[in-house]
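Both counts, for ligands and for their atoms, begin at 1 and track the order of listing. Residues take their numbers from the sequence shown, with the count starting at 1.
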Amino acid sequence: MRVLSGIQPSGALHLGNFFGMMKRMIDYQEKHELFCFLVNYHALTSVSDSKLLRQQTFDAACDFLALGLNPDKVVFWIQSDVPEVTELTWLLSNVTGFGLLERSHAYKDKTAKGIPATHGLFSYPVLMAADILLFGGEKVPVGKDQKQHLEIAKDIAIRFNNTYGDTFVIPEPDIEDNFAVVPGIDGQKMSKSYGNTIEIFADEKTLREKVMRIKTDSTPVDEPKPIENNILFDIYSLFLNQREKAVLKERFLTPGLKYGEIKKELFGVIWEYFTPYRKERERLVNDRKYVLDTMKKGAEKARQTAVVYLERARHNIGLDYWHK
Ligand code: ADP
Ligand code: TRP
């Protein structure tokens, strides 16, 4: 099974990215053929500072490698190193209905939040479909926010195949219920663009501050605390197995629990959880050449697959005009 997914280097990666996509990809590398990439073309919809884009792209590569993505097992690359994806985007554009893109929640949400309504933002799902179809992705691990984008990709693949003959694999989303929507410290979906993240590799002081800022309700100390829609409970639970979660639930339901104390405890849990990876990340940041070489090699491998699908699409469309 070919499993494929991408992430935007549009800011520091956070717990939503980790549990919704990164950890699942890293776990899958043991049993599936994995393609993983950093979508810097997509990031152009929100990042216009070249220095920042370079830095964030490098940082995201270090994050993935430090967290255990093995570049010998996984094809891991930076989207713009395989620019064939932009050609496929154009080819797909012609089987993509305008109405399909107009219905995109992500587009509507982003423009409502003041992100300029550019053509790039509008056609974002077409580039994403190209990312998937160019590499024959069968299963795509993502958070719930990407569900509609996956439906659009599927729709585009079907329409292309119906129009030009069998060309692309039809992809399926892979969304894990427990991690479908990781809440941010304000209770909205945790997102780089909402300023509500807990970053995976924040320094100690920042991490502590972020955890202490998790929004809680005003239930008095001597009353049981609610479990439903409790942001603190939900974030803490990400780090627990079923049995540990049941214990935490019991603690919340027992009068006397102080949110402040749970926050201090949670800070310790998060800090410990990422400690081994933090050391590895520091090593990688200081070995820039290794990281850049690794990404280049990944792009070469990715391109070998990309050209096969792109040539097939060009042929089925009739762009190879010399062909009889
Ligand atoms: P962001 O919204 O922070 O910019 P991305 O759009 O780059 O994040 O998302 C990268 C991956 O991480 C996607 O698969 C996305 O669904 C997943 N993801 C992002 N935020 C969350 C979240 N809060 N909960 C679950 N998954 C998430
Ligand atoms: N749109 C995705 C996001 O914002 C990132 C992405 C781009 C992606 N291309 C992809 C995810 C292909 C899965 C497959 O999170």
Side-chain angles (χ1 to χ4, degrees), residues 2-26 28 34-47 56-57 59-60 63-64 67 75 77-80 82 85-86 88-89 92 104-107 109-110 113 115 120-121 123-154 156-157 169 171-200 231 234-235 237-238 302 306:
R2 184 166 293 175
V3 177
L4 166 155
S5 197
I7 204 162
Q8 293 193 62
S10 52
L13 301 184
H14 53 76
L15 297 185
N17 299 139
F18 181 72
F19 288 104
M21 185 272 200
M22 302 169 82
K23 180 175 186 305
R24 298 170 59 223
M25 288 290 276
I26 292 163
Y28 278 146
L34 221 73
F35 282 59
C36 183
F37 44 97
L38 305 175
V39 296
N40 55 347
Y41 283 140
H42 279 104
L44 299 182
T45 56
S46 63
V47 185
Q56 287 174 172
T57 307
D59 286 350
D63 286 0
F64 256 115
L67 290 166
V75 186
W77 76 101
I78 291 162
Q79 189 185 34
S80 64
V82 185
V85 74
T86 59
L88 183 59
T89 302
L92 299 180
S104 161
H105 304 311
Y107 176 74
D109 290 353
K110 285 181 183 171
K113 286 207 154 62
I115 296 182
L121 191 65
S123 60
Y124 182 109
V126 192
L127 176 58
M128 178 159 162
D131 277 334
I132 301 169
L133 304 186
L134 191 59
F135 304 97
E138 293 170 85
K139 180 154 122 165
V140 186
V142 284
K144 197 171 163 204
D145 59 314
Q146 296 300 312
K147 189 167 183 262
Q148 193 190 27
H149 283 159
L150 258 295
E151 280 159 9
I152 296 175
K154 212 170 146 174
I156 293 174
V169 174
E172 288 296 336
D174 175 47
I175 298 166
E176 158 89 45
D177 279 351
N178 287 334
F179 308 122
V181 187
V182 172
I185 59 171
D186 59 356
Q188 293 187 80
K189 176 196 106 111
M190 187 178 289
S191 173
K192 292 172 217 121
S193 40
Y194 301 165
N196 64 355
T197 63
I198 296 178
E199 295 164 13
I200 302 170
I231 309 163
D234 287 343
I235 296 180
S237 297
L238 296 168

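Under the 4.5 Å side-chain criterion, counting only non-hydrogen atoms from C-beta, Val140 is not in contact with Gln146. At least one side-chain heavy atom of Val39 sits under 4.5 Å from a side-chain heavy atom of Gln8. Taking the side chain as every heavy atom from C-beta outward, Leu150 and Ile132 approach each other to under 4.5 Å. Residues Ile26 and Lys23 fail the side-chain proximity criterion, which asks for heavy atoms closer than 4.5 Å. Side-chain contact check for Ile185 versus Ile198: some heavy-atom pair is nearer than 4.5 Å. The shortest side-chain heavy-atom distance between Met190 and Thr197 falls under the 4.5 Å cut-off.
Set against the non-hydrogen atoms of Gln8, the atoms of ligand 1 under 4.0 Å away are 6 (O), 7 (O). Annotation for ligand 1: atoms under 4.0 Å from non-hydrogen atoms of Asp145 are 15 (C), 16 (O). Close contacts of ligand 1 with Met21, meaning ligand atoms under 4.0 Å from a residue heavy atom, involve 11 (C), 12 (O), 14 (O). If you number the atoms of ligand 2 from 1 as listed, the ones under 4.0 Å from a heavy atom of Asp131 come out as 7 (C), 9 (N), 10 (C), 12 (C). For ligand 1, the atoms sitting less than 4.0 Å from at least one non-hydrogen atom of Met190 are 20 (N), 21 (C), 22 (C), 23 (N), numbered in the order shown with element in parentheses. Per-residue contacts place Phe179 under 4.0 angstrom from the following atoms of ligand 1 (heavy atoms of the residue considered): 25 (C). Against a heavy-atom cut-off of under 4.0 Å, Val140 is close to the following atoms of ligand 2: 13 (C), 14 (C). Below 4.0 Å from some heavy atom of Ile132 lie the following atoms of ligand 2, by number and element: 12 (C), 14 (C). Residue-ligand proximity, Gln8 to ligand 2, at heavy-atom distances under 4.0 Å covers atoms 4 (O). Heavy-atom contacts of Ile7 reach the following atoms of ligand 1: 7 (O), 10 (C) (cutoff under 4.0 Å). Counting the atoms of ligand 2 from 1 in the order shown, those under 4.0 Å from a heavy atom of Gly6 are 5 (C), 6 (C), 8 (C), 11 (C), 13 (C), 14 (C). Which parts of ligand 1 touch Gly20 is read off a 4.0 Å heavy-atom cut-off, strictly below it: atoms 25 (C), 26 (N). Atoms of ligand 1 lying under 4.0 Å from any heavy atom of Val142, numbered from 1 in the order shown and given with element: 14 (O), 16 (O).
Residue, atom and distance of the protein heavy atom nearest to atom 13 (C) of ligand 1 are Gln146 CG, 4.0 Å. Gly16 O, 3.7 Å is the protein heavy atom nearest to atom 18 (N) of ligand 1. Protein heavy atom in closest approach to atom 24 (N) of ligand 1: Val182 N, 2.8 Å. Regarding atom 1 (N) of ligand 2, its nearest protein heavy-atom neighbour is Tyr124 OH, 2.7 Å. Lys192 NZ, 2.7 Å is the protein heavy atom nearest to atom 7 (O) of ligand 1. Nearest protein neighbour of atom 17 (C) of ligand 1, counting heavy atoms only, is Gly143 N, 4.0 Å.
Residue contacts with ligand 2: Gln146 is placed with a nitrogen or oxygen under 3.5 Å of a nitrogen or oxygen of the ligand (distance criterion only). Residue-to-ligand polar distances keep Lys144 apart from ligand 1: every N/O pair is separated by 3.5 Å or more. Considering backbone and side-chain atoms alike, Val181 places every N or O at 3.5 Å or more from each N or O of ligand 1. Distances between N or O atoms of Ser5 and those of ligand 1 include no value under 3.5 Å.
Here the closest heavy-atom approach between residue Ala60 and residue Leu13 is recorded as CB-CD1, 4.0 Å. Between Ala12 and Glu199, the shortest heavy-atom distance links the atoms CB-CD, 3.6 Å. Of all the heavy atoms in Met128 and His149, the pair that sits closest is CE-CB, 3.6 Å.
Between the side chain of Asp109 and the backbone N or O of Ala106, no donor-acceptor pair lies under 3.5 Å. Panel note: side chain Thr89, backbone Ala130; no donor-acceptor pair is recorded below 3.5 Å. Without hydrogens or angle criteria, Arg2 side chain to Phe135 main chain gives a donor-acceptor distance under 3.5 Å. A distance-only check finds no donor-acceptor pair linking the side chain of Gln188 to the backbone of Tyr194 [under 3.5 Å]. Not a single donor-acceptor pair under 3.5 Å links the side chain of Arg24 to the backbone N or O of Phe179.
Ligand 1 has at least one atom lying under 4.0 Å from a heavy atom of His14.
The option from Asn17, Ile175, Leu15 that lies nearest to atom 9 (O) of ligand 1, judged by heavy atoms, is Asn17.
Heavy atoms of Ala180 found under 4.0 angstrom from ligand 1 belong exclusively to the backbone. Proximity of Leu127 to ligand 2, defined as any heavy-atom pair under 4.0 Å, is not found for any part of the residue.
The structure places CD1 of Ile7 at 13.0 Å from NE2 of His42, a figure rounded to the nearest 0.5 Å.
Shown are Val47, Asn40, Leu38; of these, the side-chain contact (heavy atoms from CB on, under 4.5 Å) with Gln56 is made only by Val47.
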